[in-house]
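Predicted model only: the values in this text are computed from it and were never measured.
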Amino acid sequence: MKKKVIIGIAVLTVLAVVWCAIPRPLVGDSYQLDYIEYQGETIYFHDDSSRAEREEIEALLRTYQRSAVPCRGPWGGDGSLCLTGGDGRRPLHIVLHDGSGGGKPCFMIYSSAEKGGYPIRNGEELLKVLLTTLGE
């Protein structure tokens with residue numbers, strides 16, 4: 001009996017580690033971008049004139065992944081690129097900051113800063129692609 005309990009705990013531990021190691025999509029199919037903030041400017045995506053650009057950025061975000069394990073992050077600094085949108089259930093904020101201009105590098109997605117966020121895999125690459133897309 002004792003051996004079965006130990007084996008059961010070991011199996012659950014392995015499953016938990018595997019579950020946490022599997023990356024998750026950065027955003028789901030229902031994600032909709034509302035606005036982007038960068039260098040003191042805000043780009044809104046509420047009208048039809050920006051629909052194509054919004055859809056291009058949303059499609060790009062769907063190709064990236066995030067960690068499954070939440071953590072506290074440095075939350076960017078001067079020069080951060082911040083994307084705000086939602087998935088119909090909650091707001092989602094994406095902060096991308098490479099550490100230039102002060103602060104620590106930060107590549108996170110979160111719905112509540114108090115709860116922490118999820119690190120974005122290949123966040124540096126995502127930042128470069130977004131800046132190119134936005135014409136920076």
Take atom CZ of R51 as the centre, draw a 6.0 Å sphere, and report whether it contains more than 12 heavy atoms from other residues, nucleotides or ligands.
no

Counting N and O atoms only, with roles assigned by atom type, does the side chain of R66 sit under 3.5 Å from a partner on the main chain of G117, one being a donor and the other an acceptor?
no

Should E124 and K128 count as an ion pair when the cut-off is N to O under 4.0 Å?
no

How many angstroms lie between atom OG of S80 and atom CD1 of I94, to the nearest 0.5 angstrom?
13.0 Å

Run the side-chain contact (heavy atoms from CB on, under 4.5 Å) test on N122 and Q65 for me, step by step, so that the C-alpha distance in whole Å, both residues' side-chain angles and the decisive distance to 0.1 Å come before the verdict.
CA-CA 8 Å; N122 298 321; Q65 297 177 328; over 6 Å; no

For the pair V95 and F107, evaluate side-chain contact (heavy atoms from CB on, under 4.5 Å) and give the outcome as yes or no after the intermediate values.
CA-CA 6 Å; V95 176; F107 304 98; over 6 Å; no

Side chain of Q32, backbone of D87: donor and acceptor closer than 3.5 Å?
no

Among the clusters formed by ILVMFWY side chains lying less than 4.5 Å apart, do V14 and I6 turn up in the same one?
no

Using 0.5 Å steps for rounding, measure from the CG atom of L96 to the SG atom of C106.
8.0 Å

Side chains of D29 and R62 in contact at under 4.5 Å (non-hydrogen atoms):
yes

Walk me through it: do T133 and I57 pass the test side-chain contact (heavy atoms from CB on, under 4.5 Å)?
CA-CA 8 Å; T133 301; I57 293 170; 4.2 Å; yes

Working to the nearest 0.5 angstrom, can you tell me the gap between L60 CG and L130 CG?
5.5 Å

Given side chains that start at C-beta, do those of L92 and S111 come closer than 4.5 Å, heavy atoms only?
yes

Ignoring hydrogens and geometry, is there a side-chain-to-backbone donor-acceptor pair from R24 to I22 under 3.5 Å?
yes

Going hydrophobic residue to hydrophobic residue with side-chain gaps under 4.5 angstrom, can you get from Y35 over to L33?
no

Keeping S67 on the side-chain end and V69 on the backbone end, is there a donor-acceptor pair under 3.5 Å?
yes

Between L61, L26, L83, which is the residue that forms a side chain to side chain contact (heavy atoms under 4.5 Å, CB included) with I109?
L26

Roughly how far, to the nearest 0.5 Å, is the CZ atom of F45 from the CD atom of E55?
11.5 Å

First locate atom CD of E58, then atom OG of S30, and finally report the distance between them rounded to the nearest 0.5 Å.
10.0 Å

Show the numbers, then the answer: is there a side-chain contact (heavy atoms from CB on, under 4.5 Å) between Y64 and R121?
CA-CA 7 Å; Y64 282 82; R121 295 181 180 224; over 6 Å; no

Restricting to non-hydrogen atoms, name the atom on M108 and the atom on R72 that form the minimum distance, rounded to 0.1 Å.
CE-C, 4.3 Å

If I take atom OH from residue Y44 and atom CD from residue E37, how far apart are they, to the nearest 0.5 angstrom?
7.0 Å

